[in-house]
Structure formats: structure tokens, C-alpha cells
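All values derive from a computational prediction rather than experimental measurement. Because only heavy atoms are used, hydrogens play no part in the values below, and waters and symmetry mates are left out as well, while side chains stay in. Residue numbers begin at 1 in each chain, while the letters A, B, ... track the order of the sequences.
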Amino acid sequence: MDRSEALPSGPTDPWDPIVKVVVAGLVAAATEVGVALPAETVRAQLALDGGPQGDLALPLHRLAQVAGRPANSLAAELAAHFPPSPILSSVVATGAYVNFVADSARLTQETLDLVLAHGGRYGSGPALPETACVEHTSANPTGPFHIGRVRNAIIGDTFARILRASGVPVTTQYYIDDMGRQAAMITWIWSKPRAEWPDPIRRAAEGEEVGEKPDRHRGRPYPAVSAYLKEHEEAREEVAELVRSLESGEPPARHRALAQEILDGMLASLARLSISFDEFVWESDFVKDGSVERVLERLRGSPHAVRESNGAWAIDTTGYGLPKESTRVVVQRGNGTSLYVTRDVAYHLQKLARFGRVVDVLGQDHQLHARTLDALLTEVGEARRPSFVIYQDITVPEGGRMSTRGGSAVWLDHLLEEAVTRARGEVLARREDLAEADVDRIAESVATGAIRYHIVRVAPEKPVVFRWEDALSFEGRSGPFVQYAYARASSVLRKGEALRGPYPFDARLLRDPEEAALVRVLARFPRVVAYAARTAHVHAVAGYAHDVADRFNRFYHAVPVLKSGEERTSRIALVAAVRQTLGNALDLLGLARLEAM
RNA sequence: GGGCGCGUAGCCUAGCCUGGAUAGGGCACCGGGUUCCUAACCCGGCGGUCGAGGGUUCAAAUCCCUCCGCGCCCGCCA
């Protein structure tokens, strides 16, 4: 039985009135039978959506034990004494279970009413006073995105959308690391005239194309620079000097402009996936405004502060539950400069001051950093905690993580290009009537939808092996499958001249089993959104969207809509509700609603 | 070595938080479906020691312990 979404339902949940009747009825029946059955206990045991025998099921094994009665007879007695309700079509004891089936007409009425009345807000929770900040992506501006980094962006952006739908006002942030060695390497190489570049770097950067994106262009020498520095002490010292200049607040004039230029190129790619950010936060600003120094003052004053022989400061984090080897966290170097984690403390103090809830989307390799950050926040007297959404890496089939320097990376831009090419072919194969611009638009949406869906459909904590044929699939459990169902529903409504309401309907006419099943999927949506927001299981929404599309396709094949008789307007209302719910789910996933494909 | 995560049919995956009745999808494979609202679809079939062992429980994919395999982290890097 699937109880994963089982929650106290809210006012926009079609199951809400039914659950209330079932709980109240069970409490009343229990009293008649002579058994104490508190409403809370019933709610905890009641399973919604899953039993093979009905919509709701109450297993009585445990309750029977407490009452000292055989479960089967208790189930039978409860069913027999359950007060009749027009909202339920059957209450039956099967073995140790009491099974409830909702009256289909009533559920259909309730569900379509809610979907059609709330429209784009169906599935959303009531507006909450709490605010949240979701920080995601935050990739160093050193070159183009590879698909491994994009998993962060897709999970983060989707989670932000889901949180918003759950009622929390969300601000998304991209934290730009312009303080570290990686950013310094970019400035180091581009501050030299091309003629002065060391040979291996110049060779590696060759092959530029006219008009290539700035992240591609400026990022070209990066892997070679990285390799070069490993073997050239004097170059390493130049970069180190650059890093010191960043800390002192006097970096080369071009430093931030270069980072911004590369970032702009990266963001252009994300924009194609409908991913954007509310705010950009530069790491160096926390040094400039003195907040890093204030953090250091507090840390140095901590009873756990340790002064090293060369003047560095560390914090003894014994007692914070960190792994044994990580009990000494250096927060200030011997030369007085700060470290990444120290600056991150300053950043998080700012976020915690501004937002009620602070969420970071991080790769698993940052897990220990997250725990260290957590400990240091306590150390500086911050009582509140950020929460972390941790996801596993995307690896390549040959094994290992995607690596820019190792050459195993799959570039987002390359994947986009392949996907669009393939999507164009699919569109042209079935639509000869479309204008060129429409073909392009649909192909772009199908391609980006396939990519987003492919990444988000898997639970964040699962590792993913990247395979082209999987990422480019437009069938089955895919983005285009869901988009197609939406387009299909749109097409029906268009031909029925019913793209806009009102949608009068008679729920009693929607009595086909396919219709009942379809309504039940639609009715699940509010619980799915609430569950995904609570657990950060963004993949639940992807799975749900597939379920709706799947059920709609079955309905579509089994039941005529436009060619039906007296059911026609009611079925049109059902299709409109499907289109609305599917569209809302597509919005949460960041996939385009396509009116035609 | 320690910490964290993962292990479900040939492949991918849901369910694990909150134990409950025949473990739900997809790909691949086999067989069907288009004078009918879009076949990126639908119907049927095939395929499962839920990594292994033990424990708790009336009941374990789900909770606990041990072990095995895989990944990541364990810098005065970010």
C-alpha cells in the first residue's frame, strides 16, 4: 500500500471531505462496538490510495491487539456499524481490513470543482508567512556547464518551484565564487596577451569558432592552465599572488568582469532549460563588507579556538559529531587570509538573517563541508540551521565522475544541440503542415523537456550514469510523453471549441472505469505537491506527471469525447481538468506546456 | 581505516521518512491495435532470492545489527 503521500489533507484536496467522513464514521462505529478508537489513531493507520479493495483502507491488526479482539471480527463489526454516507459507495470488511470506496460521482464532482475553480493554483497550498532561500547551481565561472553540474540546477530549480507552490515565498540565489584559485586561474591567463601564453595552453585553446559563447571561449584554456600550474612553480606563485590580491580587496580590474562574462554564457544555457535566479551573490562581497572579519573575530574568541604555531586559527570541532579526522577546522590561514568555509559562514549568517528557511542544494562531495559549516554556525552563536538537499553525482559509463579536466564531461550545450536535432526530426516526421518557426519552437521545448525530465525523474540520492540514448529518449517515462498528453488534451479542447470555460458538467455521466481512475489521479495532486515540498523529493512530481499522462492516454483510447452523446460536455470538462492539472505539474517541472506537437 | 550515500527483473526506476492485503512504472523482447478526438499513443505477454545473513513484529523492500559490493569525502583547496 502506498502511503507515501498520506498527509492531513487541506481545503484544496478533493479527498479532504471523504477522509473526514471516514475518520468520523470509524470513531462512531468503534464507540458502538465498544472499542476506544481515537481519531488520531485512525488517521495514523488509514491508508489512502493504495489498497487493492478500495480507495481507503484501515488495517486493524494493531488496533485489534490493543483492544484484545480478533482483527477479522473487529473489522467486520466496524464495517457493519459504519454510519451510511452518500459520499461513500461501499464500506466492506475484507479479512483484517475495512475498505472504503468513495462514491465516484461525489469524488468527481469535488475534484473537477476544485481543479476548475483553482486553475493554476490547483495543487498549491495556502500562502504561508515563512520565506525561504534556495541556493543552487553556484558553479564556479570557469567554463561551460557539464551535465553533472546541471543536475544541481535542475533539482534546485524544481525544488524552488515546488516550495513556492506549497505556499512558501522563495528567493533563489546563485553564489558566485570569485575568491578562489579557480577564478584566479581564469584571470591569470586572460590577463596575459595571447602571445605570452605558454605553448601547451595556447595549443589547448585553439580551434575557436566565430561567435562562440563566452563560457566556451573564456573557458577554453582552463583545463590546460590547471595542468600547467601543477608543473610550474613560478606560475603557481603568480596565481597565489592573485588570490592574495582578491583577499586584500584589490584584484585586477578585469577579474569580476571575466567571471561575469563566463557566467553570462553559462546562464544562457540554463535559460534554455527555463532556469533562472532571483539573486546573484558574490563571495568577495563578504570580504569587502567586513562580515568575514567579523566572523573571524567571533571564531577567534571561541573557547574552541586554537592558535597554530604559524599564526593560523583553527576551531576544535570535537563534539560536533564530525568524522574523527575532521576535528580541527582551519578558519584563517597563517598569512591572515580567510578560507572558503569561513566566507561561507558569513554568507549563511546573512541568509539566515533574511529568510525563515535556508536551503542549499549540494553535491555529495560537499557533504562534509555542509556539516563543517553547520558546526561553525553554532560556534559563532547562530541558533538556526540551513537545510541541505544532497544529490549524487552523474557518472560516465566508463566509470568515474564527469571531469572537465579529465575530458569525460558531457557538455550541456552539446546535449541540447543533439536533443534539438533529434526533436526536429521527430516533429518533421509527423507534422508536415507546420511553419518553420513552429517546428523550431516545438523541437526546442521537446528537447529541453526531455533533458529536464530525464534528470529530475530520479531521486536525488541515487547515482546516475549518463547515457545518451536514455537522455535523448522521447518515449515512455519521459518529458515528451507528458508534454504529448498535454498537447493531446489541448487538441481535443481546441476541436471542441472549449479551450476556455466555463465547463458545465454532470458528474453522474462520468461513470466509465477509465474516468473514475483518471479522476482519482487528478485528486492526488495536492498531496503530491505537499509531499515533494516536505521531503525535497522532486522526482515525485515527475512520477506524478507521468501517471496523469498515462491515465489520460488510456482514457483517450477507451472513451470518445467529442463524438460522444449526452456525456460530451461533461467529458470536455474532465479533459479540461486533466489539461489544467497536467499543465500545473509541467510548470513545477519547468517543462513547456505545448498546445500542439 | 572513519563518515555519508547507494544496491529492487537483461537495463533504468517508484515504493523506504510514517511496517500492512497479489512490490508499481519505463526500456528492451514477443504478439496485437490507426476508414474514429494527434500512434511521441494504446492493449496483451515475458521477466522479481527487493545485495547477503541475522533480529524486532501478528506482519519487513520498508525498522535495528552484521557483512558484501559500488560511489563520494576525510587540504592552511573550493
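For A:Ala57, counting side-chain heavy atoms from C-beta on, the closest listed nucleotide (B:C72, B:G15, B:A21) is B:A21. Here the side chain of A:Val492 is nearest to one of B:A21, B:C37, B:U13, namely B:C37. Residue A:Pro59 places its side chain closer to B:G20 than to any other of B:C58, B:G20, B:G25. Side chain of A:Arg554, nearest nucleotide from B:C42, B:U18, B:U13: B:C42.
Nucleic acid contact for A:Pro560: base, since at least one base atom lies under 4.0 Å from a heavy atom of the residue. A:Asp470 comes within contact range of no nucleotide atom at all, as no heavy-atom separation falls under 4.0 Å. The residue A:Gln332 sits apart from the nucleic acid: no heavy atom pair falls under 4.0 Å.
The base of B:G71 lies close enough to the side chain of A:Gln364 for a donor and an acceptor atom to sit less than 3.5 Å apart. Remark: the A:His61 side chain and the B:G20 base include a donor-acceptor N/O pair separated by less than 3.5 Å.
One finds no salt bridge joining A:Asp374 and A:Arg371 here, because no Lys/Arg side-chain nitrogen approaches an Asp/Glu carboxylate oxygen to under 4.0 Å.
Note that A:Arg422 lies in the cation-pi zone of A:Phe474, set by a 6.0 Å cut-off to the ring centre and a 45° limit from the axis.
Between A:Glu461 atom CD and B:G7 atom C1' there is a gap of 13 Å when expressed in whole angstrom units. Distance A:His539 NE2 to B:G24 P: 18 Å, rounded to the nearest Å. A:Asp344 places its CG atom 16 Å from the C1' atom of B:G75, with the value rounded to the nearest Å.
Of the possible polar contacts, one joining the A:Gln483 side chain to the A:Ser445 backbone as a donor-acceptor pair under 3.5 Å is found.
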